[in-house]
Engineer: 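Supplied in structure tokens, the structure appears directly below.
Values below: all heavy atoms of this structure, side chains included; hydrogens, waters and symmetry mates excluded.
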Amino acid sequence: MGPLGFLVLVFVAFSLPPYLTLDPALSRVPEAEGYPWHYPVLVAHVVFGSVAILTCVAQVWPWLRRRYPAVHRVVGRVYVFGGVLPAGVTAIAIGAVSPFGPLNQAGNVLMGALWLAFTVAGFRMARQRRFVDHRRWMVRSFALTASIMSNRIWAVVAALALSPRLDTTFGGSEVALLQTISGLAAWLGWVVPLLVAEWWLERGDARKRRRRTAARSERQPVGV
């Protein structure tokens, strides 16, 4: 938890301050032409997304969850209603008009929709006291919340791999290069963490099923 918490704090400290100034000139995302609402919605997304990624660290901390379940519930409500829900809606809005091209737009809109769906499903499972299902959906939600950091890594990897091909593969078009890099980062940034989360969930559940089966077998009388 220590390295995860440190990484999240560093990421938020780097990403959030420029948008707190409300100065469009400091935005790291170019303005979407023809959409005057893009920048204020982008600011809202960054602020709410920061709340989501900070609170999700506490939510996946096993010690806090076991020792202080009331705190876990309160922070969980902040994560859902003060983080993911507004951040997910704004992600879909700004993703739909992203200046980085259609591949990036499709990836961001789908990610935002799944982020909302997973989080709402997890919250409903908790309300119904179906805590095993709650945990599974929230692990998926956490994977998408934290995927913004993975997105930045893939962007650097794609830039290093594709930039030398500017004059060949992309015919000297910097726009095509930028849209390809952004599109790959948009998709790989959340698809890979989600696949890892699914693998982790199935691996853990498979182990538990084997233990339950073995326990039942030991309790059964030996037949002829």
Engineer: Go through the steps for V51 and V84 under the test side-chain contact (heavy atoms from CB on, under 4.5 Å), then give the verdict.
Structural biologist: CA-CA 8 Å; V51 172; V84 176; over 6 Å; no

Engineer: Might you work through the side-chain contact (heavy atoms from CB on, under 4.5 Å) test for R129 and F131, ending with a clear yes or no?
Structural biologist: CA-CA 5 Å; R129 305 187 67 81; F131 296 119; 3.9 Å; yes

Engineer: Linking I/L/V/M/F/W/Y whenever any side-chain heavy atoms sit under 4.5 Å apart, do Y79 and V8 land together?
Structural biologist: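 No, Y79 and V8 fall in different hydrophobic clusters.
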
Engineer: Who pairs with S27 by side-chain hydrogen bond (donor to acceptor under 3.5 Å, both in side chains), at least two apart in sequence or on another chain?
Structural biologist: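 With sequence neighbours excluded, S27 shows a side-chain hydrogen bond (donor to acceptor under 3.5 Å, both in side chains) to no residue whatsoever.
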
Engineer: Donor-acceptor pairs under 3.5 angstrom involving side-chain atoms of residues 61-75: please list them, not counting sequence neighbours.
Structural biologist:
| unit_1 | atom_1 | unit_2 | atom_2 | d |
| --- | --- | --- | --- | --- |
| R65 | NH1 | Q59 | O | 3.3 |
| H72 | ND1 | Q59 | OE1 | 3.4 |
| H72 | ND1 | Q59 | NE2 | 3.4 |

Engineer: Identify each donor-acceptor pair in which a side-chain atom of residues 170-181 lies under 3.5 Å from a protein atom, sequence neighbours left out, and give them as a table.
Structural biologist:
| unit_1 | atom_1 | unit_2 | atom_2 | d |
| --- | --- | --- | --- | --- |
| S173 | OG | A176 | N | 3.1 |
| T180 | OG1 | A176 | O | 2.8 |

Engineer: Are L20 and F11 linked, directly or through intermediate hydrophobic residues, by side-chain heavy-atom contacts shorter than 4.5 Å (ILVMFWY only)?
Structural biologist: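 The answer is yes; both residues are in one hydrophobic cluster.
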
Engineer: How many angstroms lie between CZ in R124 and CG in D133, if you round to the nearest 0.5 Å?
Structural biologist: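 Answer rounded to 0.5 Å: 11.5 Å.
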
Engineer: Quick one: does T90's side chain have a donor or acceptor within less than 3.5 Å of a partner on A87's backbone?
Structural biologist: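 Yes, the answer is positive, given that a donor and an acceptor are paired below the 3.5 Å cut-off.
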
Engineer: For A186 and N104, work out which heavy atoms get closest and say how close.
Structural biologist: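 Reported closest heavy-atom pair: CB-ND2, 3.6 Å.
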
Engineer: Please give me the minimum heavy-atom distance between M111 and L144, naming the atom from each residue.
Structural biologist: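 Between these two residues, the closest heavy atoms are CE-O, 3.1 Å.
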
Engineer: Hydrophobic clusters here meaning ILVMFWY residues chained together by side-chain heavy-atom distances under 4.5 Å, can you tell me if I153 and I148 are in one?
Structural biologist: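 No; tracing contacts between hydrophobic side chains, which count when under 4.5 Å, never links both residues.
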
Engineer: With sequence neighbours left out, which residue pairs that include part of residues 140-169 fulfil the ring pair (Phe, Tyr, Trp, His ring centres under 6.0 Å) condition?
Structural biologist: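 Residue pairs with at least one partner in residues 140-169: there are none.
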
Engineer: Less than 4.5 Å apart, side chain to side chain, heavy atoms only: is that true for L188 and V157?
Structural biologist: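 In short, these two side chains do not touch, never coming nearer than 4.5 Å.
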
Engineer: For C56 and I53, which heavy atoms make the closest approach, and how far apart are they?
Structural biologist: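 Taking C56 first and I53 second, the nearest heavy atoms are SG-O, 3.2 Å.
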
Engineer: Please tell me if the side chains of I94 and V29 come closer than 4.5 Å, counting only heavy atoms from C-beta onward.
Structural biologist: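 With C-beta onward as the side chain, the pair stays apart.
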
Engineer: Can you run down the ring pair (Phe, Tyr, Trp, His ring centres under 6.0 Å) pairs that involve residues 82-119, sequence neighbours left out, and say none if there aren't any?
Structural biologist: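 Listed once each, the pairs are F118-W137.
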
Engineer: Kindly say whether L26 contributes a backbone atom to a donor-acceptor pair with the side chain of Y19 at under 3.5 angstrom?
Structural biologist: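 No, Y19 side chain to L26 backbone: no donor-acceptor pair under 3.5 Å.
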
Engineer: Minimum heavy-atom separation for L184 to L103, with atom names?
Structural biologist: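 Smallest interatomic distance, heavy atoms only, reads N-CD2, 4.2 Å.
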
Engineer: Does P18 offer a backbone N or O that forms a donor-acceptor pair with the side chain of T21 under 3.5 Å?
Structural biologist: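 Yes, the answer is positive, given that a donor and an acceptor are paired below the 3.5 Å cut-off.
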
Engineer: Between T169 and L162, is a side-chain contact (heavy atoms from CB on, under 4.5 Å) present by the stated rule, with each step listed?
Structural biologist: CA-CA 9 Å; T169 304; L162 297 179; over 6 Å; no

Engineer: How long is the gap from NE2 on H134 to CE on M125, to the nearest 0.5 Å?
Structural biologist: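 It comes to 10.5 Å.
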
Engineer: Just verifying a value: how many Å separate S98 OG and H38 NE2, rounded to the nearest 0.5 Å?
Structural biologist: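 Between S98 OG and H38 NE2, I get 6.5 Å after rounding to 0.5 Å.
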
Engineer: Give the minimum heavy-atom separation between M138 and V80, together with the two atoms involved.
Structural biologist: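 Where M138 meets V80 most closely, the heavy atoms are CE-CG2, 4.1 Å.
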
Engineer: Between the side chain of T55 and the main-chain N/O of A52, is any donor-acceptor distance below 3.5 Å?
Structural biologist: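 Side chain of T55 to backbone of A52: a pair is present.
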
Engineer: Taking the side chain as every heavy atom from C-beta outward, state whether W187 and L110 have any pair of such atoms under 4.5 Å apart.
Structural biologist: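 Yes - at least one pair of side-chain heavy atoms lies under 4.5 Å apart.
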
Engineer: Is Q128 atom CD crowded by more than 12 heavy atoms from other residues, nucleotides or ligands, each under 6.0 Å away?
Structural biologist: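 Yes, the 6.0 Å shell around CD holds more than 12 heavy atoms from other groups.
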
Engineer: So if you build clusters from Ile, Leu, Val, Met, Phe, Trp, Tyr with side-chain heavy-atom gaps below 4.5 Å, do L116 and L42 land together?
Structural biologist: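 Result: no, two separate clusters.
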
Engineer: Nearest 0.5 Å, what's the CG-CH2 distance between N108 and W190?
Structural biologist: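 Atom-to-atom, N108:CG and W190:CH2 are 10.0 Å apart.
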
Engineer: Quick one: salt bridge (charged side-chain N to carboxylate O under 4.0 Å, His left out) pairs with a partner in residues 138-163, sequence neighbours left out?
Structural biologist: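 Those involving residues 138-163 are R140-E198.
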
Engineer: Are L16 and F14 grouped together when hydrophobic residues (ILVMFWY) are joined by side-chain heavy atoms under 4.5 angstrom apart?
Structural biologist: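 No: no chain of side-chain contacts under 4.5 Å links L16 to F14.
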
Engineer: For a quick test of reading the model, state the closest non-hydrogen atom pair linking V97 to A32 and the distance between them.
Structural biologist: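 Closest approach of V97 to A32: O-CB, 3.4 Å.
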
